[in-house]
S.K.: 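Got a structure for you, questions after.
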Amino acid sequence: MSDKQVVQSKAGMPKTYDPSEIEGRIFDTWYAGGYFSRDAGGYANPDLDPYTIVIPPPNVTGTLHMGHALNDTIQDTLIRKARMQGHPTRWIVGTDHAGIATQNKVEQKLAKEGKTRFDVGREGFIDECWKWRDEYGSTIIEQLKGMGCSCDYDNEQFTMADGYAKAIRRVFCDWYKSGLVYRGNRIINWCPRCTTALADDEVEHEDEAGHLWHIRYPLVEPVDGLEYIIVATTRPETMLGDTGVAVHPDDDRYKDLVGKMVVLPLVNKEIPVFADDYVDPSFGTGCVKVTPAHDPNDFEMGERHNLEKINIFTEDAHVNSNGGKYEGLERYEAREAVIADLEELGLLDHIEDHDHAVGHCYRCHSVIEPWLSDQWFVSMKPLAIPAIEAVRDGRVTFSPKRWENVYFQWMENIRDWCISRQLWWGHRIPVFYCDECGWMDALEEDVDTCPVCGAKVRQDEDVLDTWFSSQLWPFATFGWPDEGFEHREDFYPTQVLSTARDIIFLWVARMIMSSMHFCDGDVPFTDVIIHPTVLDKIGRRMSKSLGNGIDPLDLIKDYGADGMRFGLLLQVTGTQDMKFDEKKLEGSRNFATKIWNAARFVLGNLEGYVPGGPEALTDADKWILSRLAGLAKRLDEQKDGYDFAGSAHALYEFFWNELCDWYLEFSKGRLREEDTRLATQRNLIFVIDQALRMLHPMMPFITEEIWQKLPLQDKGPSIMVAQWPSFASLERFVDDEAERSVELVRQVIASVRSVRSRYQIGNKVGLEVMVKADEDACASLEAQRDLIAKMANVEHLTIAPSAEKPKASSAMITDDLEIFVVLEGLVDFEAERTRLSKERDKLLKEKEKLDRKLSNEGFLAKAAPEVIAKSREDLESAESSIARIENQISELG
RNA sequence: GGGCGAUUGGCGCAGCGGUAGCGCAGAUGCCUUACACGCAUAAGGUCGGGGGUUCAAAUCCCUCAUCGCCCACCA
């Protein structure tokens, strides 16, 4: 309580940073300032290259999860830095209509009211979807704002928006006319619950424990006494649609059977035995039952051998009228029934356990049914070739690089893409049919009547795969195919595409293909960042069913948006997974408070301040400025590597371990002295200003809040548009000598503290200390004796090359110094001896290693000269330390 | 069946060719008037096993093991 009063009298800042009070207010000022737009409220430099990012559009079905929080933080960090560097920036934001996902949600909602989509009809259902979108779409945008994301909110995109629909139509029609889009009757992946086709990569395969049923198919006429052959299958119910049995052409066991007929049990139909290379004689019995309508391989064989294709399932996976007495049974009921009947007939030879991969719908997890139907496809190979080339030659690079191999592997084996979906929510396929004269065409504008015969036409009932629309995101969001896209050099290609690894195929690859196709071969983005997947703290995927998901907004509430962002970025190393434990954010929240308090300290010590640039009066000043330059260098250097954890660590260390732990402490005494106060104030302000700018992209809110309070000259309206501190702008401060000098000071202070701790001497007890060192070191220390006196509470400090150890004292030996702390009546000589001996033994081991190394001829002959020199130096230093320690030990008597 | 990733102090992670670092937890002492979401000090690791390359390996290569991902039409 008294704390607060002290605080108010200082800088009007509470002593713990409270983000909830600040974040919303700051976000509003950013938005009002127009900094999220391309010209950054007038602060962008139009002469610089544009920097653009398109956000991976979240599904309107849901709210943002930890993966989004991470991904969007990464993007915001990048775009904010680019903006501060002066680039015209634009971060395109928007949502994806998410065909199946949304349709499912809305169907569930209707189900709760006891209705199906058929009750409300196609139009009514689509209306419901729009309502859903209006509700959840805004939630997502609010979440993004809560995280501090600096998106171009005034230009929000949606994959079902009118303009976007134009792009879809153009693409579809263009590809249709060039033959890349075609209609075909093929085996596709059918989800019987969603009642729609799916693309191959929308199917998730999982190994499941199953069985291999061995079934006897009687021969019409016995061959050499053989009355039946045995087929092995994992799906006995599909036998209802069998139209042949295949064996390998070179399989001697069955050679004589090729061309013969067998009787398909239960169906009592004669089907042929034929030979096909596809069959693996070593698997099962070497005889394969062939169901062309329900298995992709069987389909191919059926094509090769002109077999009939009998569909035995309805769209919801029940046996249809082709299944005879089994009609109406659900597929697994049918399996039971078929097996029971075979058993009864004595045709079930035996059953083996057999694990196999079963496909599941990526949306509802139902088991996929391979199903023969008419669908629309995109021929992918021609599109893939230039897209592979673009990554191969580095026009697009992945980070981490290893994902490029994943991309290549998929792209080089790419198969045609089934793009039609039997859904209502989505872009309806723009193909029109005339049932009168048979005319059909893909059209960019709707038509009612047939241009050939004038009869009424109908539009294709199906909609397009959601990914068909999201693949156009990098150019459709900029107005393509309209006139505005002529200014595409202002934003296309974009710079960075940051996303999760699980949509490399579904989305990233397809964006590269379609964008290059429609944008004169130009890639849609140059850098792809594949960020780690956020797992729970014990390494499981976060999911609704496990209930282990975390809402970013809850984290923001507890740790602040900055705390959450920084905590996440600290974990973005090159690995593929990130085990996330909320506790990990504590350090980042504490870091925010640390910075807050550093600012509180500086702002509370501004009496007599007159604005001005940094003044490097002392080594301590030179040191912190040099370290600041070092930080800028570190951040500059990693700009291409996307080492977010590395940058975050560098910032953390600078603020906490250099600025707060040392420079702030150094400055305490100097702020009280008339002759040093102003320079110290100016240095503090300068360093904090620059460091806050460097931290801003990662922790936007707290940096803005503090920065606004800094008494800077000619500062702009927001740190968001303040100049980014490049290394070049700070290079003049690099000062190795000052860094060495302060290092000596730190050694003395740390040594004295160590002695204090060992002898349990309170900080309030002033000590007598002597430091022995060479002339140069003594000169450095002498110039900074006030700092040592203050920070180590030394009452009498002697610094001299000839300093001698007082009898009653504890000695500390460093590489450069001998430090004696006088301890009248306190010294435990035995303990001192033990400690110094341990210290010496450690050094002896080190010396031994170095000796061995330096007497190794191979090392001397082959190692780099600087490495050898370093080893020599280390040896010298170790030897010197050993000698001095031994000297101390012998003096202890 | 292929491919990728992980394996470093109790826990979570850096380091990726020159004698092991960070955060958290734990220990000890401190309300040192910016901060107890803090300060100080000390302790803690033969870098999964084995082999190889090299003057030198946590770091490169091979192999094994464990865990986890992805891709694949063997019914």
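Throughout, a chain's letter reflects where its sequence line sits, starting with A, and its residues are numbered from 1. Below, all heavy atoms of this structure are taken into account, side chains as well, without hydrogens, waters or symmetry copies.
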S.K.: Just to be sure I understand the rule, does A/Arg235 reach a base, reach only the sugar-phosphate, or reach nothing, if contact means heavy atoms closer than 4.0 Å?
M.R.: nothing

S.K.: Of all the nucleotides listed (B/C73, B/A75, B/C37), which has the minimum atom distance to the side chain of A/Asn590?
M.R.: B/C37

S.K.: Do any side-chain nitrogens or oxygens of A/Thr573 fall under 4.0 Å of OP1 or OP2 in B/A14?
M.R.: yes

S.K.: Can you tell which of B/C31, B/C73, B/G18 lies closest to the side chain of A/Asn297?
M.R.: B/C73

S.K.: Describe the nucleic acid contact of A/Val867 in one word from base, sugar-phosphate, nothing, applying a heavy-atom distance below 4.0 Å.
M.R.: base

S.K.: Identify all stems in which RNA chain B takes part, counting only runs of at least 3 consecutive pairs (Watson-Crick or G-U wobble, each distance under 3.5 Å), and give each as one range with another, ordered by first number.
M.R.: B:1-7 with B:65-71, B:10-13 with B:21-24, B:27-30 with B:38-41, B:48-52 with B:60-64

S.K.: Using the side-chain heavy atoms of A/Ser754, tell me which of these nucleotides is nearest: B/U41, B/C35, B/U28.
M.R.: B/U41

S.K.: Measure across A/Leu546 and A/Ser543 and return the closest heavy-atom pair with its distance rounded to 0.1 Å.
M.R.: N-OG, 3.2 Å

S.K.: Remember a base hit wins even if backbone is also touched, and classify A/Lys668 as base, sugar-phosphate or nothing at under 4.0 Å, heavy atoms.
M.R.: base

S.K.: Classify the nucleic acid contact of A/Arg589 as base, sugar-phosphate or nothing, counting any heavy atom under 4.0 Å across all strands shown.
M.R.: base

S.K.: Which value, in whole Å, describes the distance between the C1' atoms of nucleotides B/G45 and B/C22?
M.R.: 14 Å

S.K.: Given the P atoms of B/C47 and B/A42, what is the spacing between them in whole Å?
M.R.: 25 Å

S.K.: Starting at CG of A/Asn856 and ending at P of B/A56, how long is that distance when rounded to a whole Å?
M.R.: 7 Å

S.K.: Rounded to the nearest Å, what distance is computed from the CE atom of residue A/Met411 to the P atom of nucleotide B/A72?
M.R.: 15 Å

S.K.: Please figure out whether A/Tyr278 or A/Asn763 has its closest RNA chain B nucleotide nearer the 5' end.
M.R.: A/Asn763

S.K.: So, OP1 or OP2 of B/U28: does either fall under 4.0 Å of a side-chain N or O from A/Ser757?
M.R.: no

S.K.: Could you measure between the two P atoms, the one in B/G3 and the one in B/A57, and give it in whole Å?
M.R.: 29 Å

S.K.: A/Leu854 has an atom CG; how far is it from atom P of B/A56, in whole Å?
M.R.: 15 Å

S.K.: Testing A/Thr285, A/Val262, A/Ile215 one by one against A/Ile229 for a side-chain contact (heavy atoms from CB on, under 4.5 Å), which residue passes?
M.R.: A/Val262

S.K.: Where the side chain of A/Arg402 is concerned, which of B/G68, B/G5, B/C37 is the nearest nucleotide?
M.R.: B/G5

S.K.: Centroid separation under 6.0 Å, is that true for the rings of A/Phe398 and A/Trp403?
M.R.: no

S.K.: Have A/Glu832 and A/Ser810 got a donor and an acceptor in their side chains that come within less than 3.5 Å?
M.R.: yes

S.K.: Using atom C1' in both nucleotides, what's the gap between B/U66 and B/A72 to the nearest angstrom?
M.R.: 24 Å

S.K.: How close or far is atom P of B/A75 from atom CG of A/Asp242, stated in whole angstroms?
M.R.: 15 Å

S.K.: Contact class for A/Ala592 (heavy atom, under 4.0 Å): base, sugar-phosphate, or nothing?
M.R.: nothing

S.K.: Give a yes or no on whether a salt bridge exists between A/Lys845 and A/Glu848, defined as a side-chain N under 4.0 angstrom from a carboxylate O.
M.R.: no

S.K.: According to a strict under-4.0 Å criterion, is A/Arg415 in side-chain N/O contact with OP1 or OP2 of B/C73?
M.R.: yes

S.K.: Would you say the rings of A/His354 and A/His211 are close, in the sense that their centroids are separated by under 6.0 Å?
M.R.: no

S.K.: Are any of the side-chain nitrogens in A/Arg331 or A/Glu237 under 4.0 Å away from the carboxylate oxygens of its partner?
M.R.: no

S.K.: Would you kindly compare A/Lys849 and A/Asp295 by the position of their nearest RNA chain B nucleotide and give the one closer to the 5′ end?
M.R.: A/Lys849

S.K.: Distance between the C1' atoms of B/G21 and B/C73, in whole angstroms?
M.R.: 50 Å

S.K.: Which part of the nucleic acid, if any, lies within reach of A/Ala598 when heavy atoms closer than 4.0 Å are counted: base, sugar-phosphate only, or nothing?
M.R.: base

S.K.: Among B/A72, B/C22, B/G68, which nucleotide has an atom closest to any side-chain atom of A/Gln576?
M.R.: B/G68

S.K.: Regarding A/Trp656, tell me which of base, sugar-phosphate or nothing describes its non-hydrogen contacts under 4.0 Å with the strands shown.
M.R.: sugar-phosphate

S.K.: Round to a whole Å and report the spacing from CG of A/Leu767 to C1' of B/U41.
M.R.: 15 Å

S.K.: Between A/Asp851 and A/Lys847 (salt bridge meaning N to carboxylate O under 4.0 Å), is one present in this structure?
M.R.: yes

S.K.: Using a 4.0 Å heavy-atom cut-off across all strands, classify A/Val279 as base, sugar-phosphate, or nothing.
M.R.: base

S.K.: Should A/Lys537 be listed as having a side-chain N or O under 4.0 Å from OP1 or OP2 of B/G12?
M.R.: no

S.K.: What distance, rounded to whole Å, do you find between the two C1' atoms, one in B/U46 and one in B/G2?
M.R.: 36 Å

S.K.: Base, sugar-phosphate, or nothing: which does A/Leu535 touch, judged by heavy atoms less than 4.0 Å apart?
M.R.: nothing

S.K.: Establish whether the base of B/A72 is bridged to the side chain of A/Gln409 by a donor-acceptor pair shorter than 3.5 Å.
M.R.: no

S.K.: Rounded to the Å, how far apart are A/His205 NE2 and B/A72 C1'?
M.R.: 8 Å

S.K.: Could you tell me whether A/Glu586 and A/Lys583 have a side-chain N and a carboxylate O separated by less than 4.0 Å?
M.R.: no

S.K.: What nucleotide, of B/G29, B/A75, B/G18, holds the atom closest to the side chain of A/Gln760?
M.R.: B/G29

S.K.: Nearest of B/A75, B/A72, B/C69 to any side-chain atom of A/His354?
M.R.: B/A75

S.K.: Ignoring backbone atoms, establish whether A/His649 has a side-chain N or O less than 4.0 Å from OP1 or OP2 of B/G15.
M.R.: no

S.K.: Return the nearest nucleotide to the side chain of A/Lys853; candidates are B/G18, B/U41, B/G68.
M.R.: B/G18

S.K.: How is A/Lys579 classified with respect to the nucleic acid when contacts are heavy atoms under 4.0 Å: base, sugar-phosphate, or nothing?
M.R.: sugar-phosphate

S.K.: Is A/Arg415 salt-bridged to A/Asp200, cutoff N-O under 4.0 Å?
M.R.: yes

S.K.: Mind checking the P distance from B/U33 to B/A27? Whole angstroms is fine.
M.R.: 25 Å

S.K.: Across the strands shown, which category fits A/Asp298 at heavy-atom distances under 4.0 angstrom: base, sugar-phosphate, nothing?
M.R.: nothing

S.K.: Roughly how many Å apart are B/G18 and B/C61, using the P atom of each and rounding to a whole number?
M.R.: 15 Å

S.K.: Before accepting this row, confirm whether a basic side-chain N of the pair A/Glu303/A/Arg186 lies closer than 4.0 Å to the acidic partner's carboxylate O.
M.R.: no

S.K.: Does any donor-acceptor pair link the side chain of A/Lys594 with the base of B/C35 at a separation under 3.5 Å?
M.R.: yes

S.K.: Among the nucleotides B/A34, B/A14, B/A75, which one has an atom lying closest to any side-chain atom of A/Thr575?
M.R.: B/A14

S.K.: Calculate the interatomic distance between A/Trp213 atom CH2 and B/C74 atom P; express it in whole Å.
M.R.: 18 Å

S.K.: By nearest atom, which of the nucleotides B/C69, B/A75, B/C71 is closest to the A/Arg501 side chain?
M.R.: B/C69

S.K.: Should A/Asp298 and A/Met301 be marked as a side-chain contact (heavy atoms from CB on, under 4.5 Å) after you check the CA-CA gap, both sets of side-chain angles, and the distance that decides it?
M.R.: CA-CA 5 Å; A/Asp298 292 6; A/Met301 285 195 279; 3.6 Å; yes

S.K.: Please report, rounded to the nearest Å, how far the P atom of B/U33 is from the CD atom of A/Glu665.
M.R.: 10 Å

S.K.: Is the distance from OP1 or OP2 of B/A36 to the nearest side-chain N or O of A/Lys15 less than 4.0 Å?
M.R.: yes

